[in-house]
Asks: 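Right, I'll just put the structure down here and ask away after.
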Number of protein chains: 2
Amino acid sequence: MYDYIMENDCDPIYGKVDELLELLTKSKGLHILLILHKANRELGFTDLKRHVESASTTVSRRLSELEKYGLVDRCQNQTRPNSMSYALTEKSKSLAPIIQSMYDWCKVNQC
Amino acid sequence: MYDYIMENDCDPIYGKVDELLELLTKSKGLHILLILHKANRELGFTDLKRHVESASTTVSRRLSELEKYGLVDRCQNQTRPNSMSYALTEKSKSLAPIIQSMYDWCKVNQC
DNA sequence: CCGAATCCTTTTTGATACTG
DNA sequence: CAGTATCAAAAAGGATTCGG
């Protein structure tokens with residue numbers, strides 16, 4: 001087993017990991033992904049906003065960032081013109097179960 | 001299956017989950033837990049500081065918070081008097097694999 | 001060396017107002 | 001309604017300092 005803990009320098013992968021974590025860990029970042037995962041379908045802005053209970057500014061910003069990192073797809077809402085829908089990407093679909101297990105852990109441990 | 005997404009009110013568990021996530025997602029929060037997990041033994045302040053590459057102020061604050069939430073144990077260092085060691089608690093031991101999988105996901109997806 | 005207190009800078013958030 | 005711009009407040013981070 002690679003006992004990297006004994007190394008003096010930091011595992012270089014951490015830089016990139018931290019970069020993503022900085023995004024995911026901003027307010028409602030993980031939450032938005034989890035909501036989309038559980039919904040298992042596209043959701044509109046207002047739906048998301050209601051579920052995460054945050055200011056529209058925050059939801060808007062977070063969605064932009066998530067989209068930029070390829071974790072959320074923004075697509076035309078089929079039913080409502082002039083509005084968008086948001087969904088997980090292939091990339092974030094594989095992350096969602098991990099987030100889910102984190103929430104589950106929180107539940108069980110009653111934090 | 002409980003389709004909570006259709007509910008108007010927010011799942012009440014989210015308040016508590018978010019509270020924990022706010023802690024875990026502060027700078028180096030997850031990182032510290034992962035380092036302790038991989039080390040699989042107590043680590044001193046300086047060891048931790050070096051591995052997460054952050055200011056002592058930040059490491060100190062994070063450790064205090066993690067301890068307060070029962071995610072880190074602070075105990076007397078056996079070899080060096082006047083200094084502490086830090087280790088995972090039973091509680092955080094069960095969380096560590098989840099954090100690990102998040103890091104692994106980041107690695108694979110090259111974020 | 002270990003780690004916390006102070007103090008200052010940067011980042012993030014959210015209320016409000018605004019546009020299509 | 002669906003977002004975005006602006007701006008003020010709050011939160012978080014880090015350099016320095018200081019005491020064991």
Side-chain angles (χ1 to χ4, degrees), chain A residues 8 10 14-15 17-33 35-36 39 41-69 71-87, chain B residues 8 10 14-15 17-33 35-36 39 41-69 71-87:
Chain A
N8 271 329
C10 200
Y14 278 128
V17 172
D18 280 344
E19 198 177 316
L20 176 76
L21 285 180
E22 273 178 29
L23 164 58
L24 291 182
T25 62
K26 283 180 185 171
S27 183
K28 309 305 176 182
L30 288 169
H31 201 161
I32 287 173
L33 294 182
I35 295 291
L36 288 173
R41 61 180 175 83
E42 303 173 6
L43 290 178
F45 186 86
T46 302
D47 276 343
L48 280 169
K49 181 179 179 316
R50 184 173 55 249
H51 282 294
V52 301
E53 289 184 319
S54 196
S56 65
T57 318
T58 298
V59 179
S60 175
R61 270 191 296 237
R62 212 55 65 232
L63 285 171
S64 298
E65 294 165 3
L66 289 169
E67 186 194 9
K68 183 176 156 196
Y69 277 77
L71 298 176
V72 156
D73 260 343
R74 186 189 301 249
C75 47
Q76 267 298 328
N77 189 312
Q78 299 300 324
T79 58
R80 272 173 305 194
N82 302 330
S83 94
M84 296 289 158
S85 278
Y86 303 88
Chain B
N8 272 330
C10 201
Y14 277 128
V17 172
D18 280 343
E19 197 177 317
L20 176 76
L21 285 179
E22 273 179 31
L23 163 59
L24 291 182
T25 63
K26 284 180 185 172
S27 183
K28 310 304 176 183
L30 289 170
H31 200 160
I32 287 174
L33 294 181
I35 295 290
L36 288 172
R41 61 180 175 85
E42 305 173 5
L43 290 178
F45 186 85
T46 303
D47 275 343
L48 280 169
K49 180 179 182 310
R50 183 173 56 249
H51 282 293
V52 302
E53 289 185 319
S54 197
S56 68
T57 318
T58 299
V59 178
S60 176
R61 273 191 294 235
R62 212 56 63 233
L63 285 171
S64 297
E65 294 164 5
L66 289 169
E67 186 193 9
K68 182 176 155 195
Y69 277 76
L71 297 177
V72 157
D73 261 343
R74 186 189 301 248
C75 46
Q76 266 299 327
N77 189 312
Q78 298 302 324
T79 58
R80 270 173 309 193
N82 302 329
S83 95
M84 296 288 158
S85 278
Y86 304 88

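Given the structure is predicted, the values throughout are model-derived calculations rather than measurements. Throughout, protein chains are lettered first and strands after them, A, B, ... in sequence-line order, and every chain is numbered starting at 1.
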Asks: Send over the distance from Leu23(A) CG to dT13(C) P, rounded to a whole Å.
Replies: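 Taking atom P of dT13(C) as the reference, CG of Leu23(A) is at 10 Å.
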Asks: How about Lys49(A) and Ser60(A): do any of their side-chain heavy atoms sit closer than 4.5 Å?
Replies: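 A side-chain contact is absent here, since even the closest heavy-atom pair is not under 4.5 Å.
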Asks: Should the pair Lys68(A)-Glu65(A) be classified as a salt bridge under the 4.0 Å nitrogen-to-oxygen rule?
Replies: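 A salt bridge is absent here (no side-chain N lies under 4.0 Å from a carboxylate O).
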Asks: Does a side-chain heavy-atom distance below 4.5 Å link Tyr86(A) with Leu66(A)?
Replies: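 No - every pair of side-chain heavy atoms lies 4.5 Å or more apart.
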Asks: Roughly how far apart are Ile35(A) CD1 and Asp47(A) CG, rounded to 0.5 Å?
Replies: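 Rounded to the nearest 0.5 Å, the CD1-CG separation comes out at 10.0 Å.
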Asks: For Lys49(A), answer base if it contacts any base atom (sugar-phosphate contacts may also be present), sugar-phosphate if it contacts only those atoms, and nothing otherwise; contact means non-hydrogen atoms under 4.0 Å.
Replies: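 No contact.
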Asks: Can you tell me if the side-chain N/O atoms of Arg62(A) get under 4.0 Å from OP1 or OP2 in dT12(C)?
Replies: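 False: Arg62(A) side-chain N/O out of range (4.0 Å or more) of dT12(C) OP1/OP2.
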Asks: Hey, which sits more toward the 5' end of DNA chain C by its nearest nucleotide, Lys26(A) or Gly44(B)?
Replies: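 Comparing both residues, the 5'-ward one is Gly44(B).
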Asks: Distance criterion of 3.5 Å, no angle test: do you see the side chain of Arg61(B) paired donor-to-acceptor with the base of dG14(D)?
Replies: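 Yes, a donor-acceptor pair under 3.5 Å.
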Asks: Using heavy atoms to find the nearest nucleotide of DNA chain C for Glu65(A) and Tyr86(B) separately, return the residue whose nucleotide is more 5′.
Replies: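 The residue mapped nearer the 5' terminus is Tyr86(B).
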Asks: Using a heavy-atom cut-off of under 4.0 Å over every strand shown, decide if Ser83(A) touches base, sugar-phosphate, or nothing.
Replies: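 Sugar-phosphate, backbone atoms only, no base.
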Asks: Heavy atoms from C-beta onward define the side chain here; which of dG14(D), dT4(D), dG14(C) lies closest to that of Ser60(A)?
Replies: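 The answer is dT4(D).
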Asks: Among dG13(D), dG14(C), dT4(D), which nucleotide has an atom closest to any side-chain atom of Arg74(A)?
Replies: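 Selected nucleotide: dT4(D).
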Asks: Quick one: label Thr57(B) by what it contacts on the DNA or RNA (base, sugar-phosphate, nothing), any heavy atom closer than 4.0 Å.
Replies: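 Here Thr57(B) touches the bases of the nucleic acid.
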Asks: Determine the contact category for Ser56(B): base if any of its heavy atoms lies under 4.0 Å from a base atom, sugar-phosphate if only primed atoms, P, OP1 or OP2 are that close, otherwise nothing.
Replies: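 Base contact.
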Asks: From the set dT4(D), dT13(C), dA12(D), return the single nucleotide nearest to any side-chain atom of Thr58(A).
Replies: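 Of the candidates, dT13(C) comes closest.
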Asks: Taking the side chain of Ala55(A) as its heavy atoms from C-beta onward, which of dT4(D), dA15(C), dG13(D) lies nearest to it?
Replies: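 The closest nucleotide is dA15(C).
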